[in-house]
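Sequential numbering from 1 along the given sequence is applied to the chain's residues. As the structure lists them, so they are numbered: ligands from 1, and atoms in each ligand from 1.
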Amino acid sequence: MRIGVLGAGQLGRMLALAGYPLAKTFVFYDMSGSPSAGLGEVIIDREGKYLDDFLSRVDRVTYEFEHLPVEVAEKLAKEKPVHPCPRALQVCQNREAEKTLFGELGIPTPDWKIADSAESLKAAAEELGCPVVAKSITEGYDGKGQAVLKSPDEAEAGWESIGHPRVIVEKFVNFHREVSIIAVRAEDGDVAFYPMAENTHHEGILRYSIAPAPGLAKHVQEDAERYIKALLNELNYVGVLTLELFETSEGLVANEMAPRVHNSGHWSIEGAMTSQFENHIRAVSGHPLGNVDARGLSCMINIIGEHGDIDRILELPYAHVHLYNKGERPGRKLGHVNILADSYEELVWRVRNCAQFLPGSPEFKSSLTAKG
Ligand SMILES: Nc1ncnc2c1ncn2[C@@H]1O[C@H](COP(=O)(O)OP(=O)(O)O)[C@@H](O)[C@H]1O
Ligand SMILES: [Mg+2]
């Protein structure tokens with residue numbers, strides 16, 4: 001079976017790496033002009049002239065990034081199975097549509113309002129009560145296109161810095177920690193849930209994911225499963241879906257979803273019986289899902305900006321290095337390291353030991369390292 005992937009970055013690369021053992025072949029469709037997948041066939045098409053060519057070479061279509069025109073996905077879906085469905089893409093591309101759907105499905109969100117001018121941003125900040133986070137409705141990623149307002153007086157500056165005609169204004173959530181749940185749904189409707197991960201961000205970029213999330217109450221995992229299942233079924237979704245959440249003293253609050261494999265699931269490559277990548281390939285190919293149990297305790301460390309001393313990390317007996325074949329640039333995701341351990345204590349020690357060889361890494365902070 002030939003799988004067509006829209007997008008050609010590291011997520012596509014890892015999908016292919018997981019799909020080859022199942023005898024899948026891959027054709028990547030790149031609109032950026034700088035594909036990095038480095039595997040399979042790559043069609044570079046900045047003007048959208050070779051979509052038919054792409055379609056003629058594949059049996060099924062999926063995506064590894066969500067910022068492509070919905071019309072493209074809809075056009076493809078008329079000819080070949082496209083998983084997840086274009087509607088999932090449409091919802092994930094638009095923070096207003098996303099938060100509206102969450103509300104309809106009973107998934108808790110921060111209080112939010114829409115603003116389309118500096119004045120309405122100020123009014124929204126006043127009504128919600130600061131601090132608030134303003135985010136462009138579309139095109140945001142890695143914390144880009146966002147501004148935190150500590151007071152309504154900052155509306156003008158925030159509006160200018162975002163530079164977008166429409167923003168969602170959210171009440172700032174006082175969370176204990178950020179977590180995510182990754183689930184996969186098969187063509188026959190079967191659903192499997194990975195254990196949730198605890199995620200630490202630095203300067204808007206994910207740095208560390210620990211899975212299973214330490215000390216997570218069973219009912220919290222169950223709440224997250226209920227929320228993501230509601231989304232999967234509503235969207236008649238096929239493939240991997242990710243839901244980012246805040247854990248607060250009042251329970252989980254949903255932040256956003258991604259219609260694809262996710263950085264907070266990279267731990268699953270060695271840390272789960274079946275990785276998120278293999279399960280996505282299984283689902284979009286119409287196969288049964290694989291076991292999602294954790295093999296032990298994992299922490300994923302992102303390699304951001306510079307590679308550091310990879311050879312020293314390769315010497316560590318508990319570290320698995322994944323490089324994306326990309327050039328160094330500040331803030332760029334170049335790879336990740338998966339650390340495995342049998343206890344959280346051992347995991348912390350191993351993560352710190354590894355991170356010292358990654359000069360760009362912030363200090364390892366998580367619920368495991370918090371004092372008290
Ligand atoms: N309402 C909020 N309250 C508190 N922190 C927030 C809120 N929204 C976003 N953040 C912080 O900003 C980060 C990036 O926001 P997110 O909505 O996930 O955008 P992106 O698409 O860039 O990942 C989140 O991981 C979280 O740390
Ligand atoms: Mg996010």
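- Near Glu170, meaning under 4.0 Å from one of its heavy atoms, ligand 1 places the atoms 1 (N), 2 (C), 8 (N).
- Only the side chain of Val133 comes within 4.0 Å of ligand 1, judged by heavy-atom distances.
- Under 4.0 angstrom from ligand 1, the non-hydrogen atoms of Lys171 all belong to its backbone.
- The one candidate from Phe364, Trp267, Tyr344 that meets the side-chain contact (heavy atoms from CB on, under 4.5 Å) condition with Cys299 is Phe364.
- In summary, the atoms of ligand 1 found under 4.0 Å from a heavy atom of His201, numbered by their order in the structure, are 25 (O).
- Residues Glu178 and Asn199 bring no donor and acceptor atom of their side chains to less than 3.5 Å of each other.
- With the Mg ion (ligand 2) as the vertex, OE2 (Glu256) and OE1 (Glu244) define an angle of 100°, rounded to 10°.
- Closest heavy-atom approach to atom 25 (O) of ligand 1 within the set Lys135, Met257, Lys144, Glu178: this belongs to Glu178.
- Checked by atom type, the side-chain pair Ser367/Glu198 shows a donor-acceptor distance below 3.5 Å.
- With hydrogens and angles left out, the side-chain atoms of Lys326 and Gln10 include a donor and acceptor closer than 3.5 Å.
- In terms of protein heavy-atom proximity, atom 7 (C) of ligand 1 is closest to Phe246 CZ, 3.5 Å.
- Ring to ring, His266 and Phe277 are close: their centroids are under 6.0 angstrom apart.
- With a 4.0 Å heavy-atom cut-off, ligand 1 is reached by no atom of Asn199.
- Within a 4.0 Å radius of atom 11 (C) of ligand 1, the protein contributes no non-hydrogen atoms.
- The closest approach between Gly204 and ligand 1 stays at or above 4.0 Å for every heavy atom of the residue.
- What sits closest to atom 19 (O) of ligand 1 on the protein, heavy atoms only, is Gln146 NE2, 2.9 Å.
- Nearest heavy atom pair, residue Phe193 against residue Val292, reads O-CG2, 3.3 Å.
- Taking each heavy atom of Arg166 and Trp159 in turn, the nearest pair found is N-CH2, 4.3 Å.
- Close contacts between ligand 1 and Gly143 involve ligand atoms 20 (P), 22 (O) [criterion: under 4.0 Å to a heavy atom].
- Close approach of ligand 1 to Phe175 is summarised as follows: ligand atoms under 4.0 Å from at least one heavy atom of the residue are 4 (C), 5 (N).
- Given atom 20 (P) of ligand 1, the protein heavy atom at minimum distance is Glu256 OE2, 3.2 Å.
- Between His67 and Tyr141, the ring-plane angle classifies as tilted under the 30° and 60° cut-offs.
- Nearest-residue assignment for atom 3 (N) of ligand 1 (options Val132, Val169, Val173; heavy-atom criterion): Val173.
- Judged by distance alone, the side chains of Glu64 and His280 never bring a donor and an acceptor atom under 3.5 Å apart.
- Of all the heavy atoms in Gly239 and Val284, the pair that sits closest is CA-CG1, 4.5 Å.
- Counting heavy atoms closer than 4.0 Å to ligand 1, residue Tyr141 contributes backbone atoms (N, CA, C, O) but none from C-beta onward.
- The ring of Tyr20 has its center closer than 6.0 angstrom to the ring center of Phe26.
- Of all the atoms in ligand 1, the ones that sit under 4.0 Å from a non-hydrogen atom of Glu244 are 18 (O).
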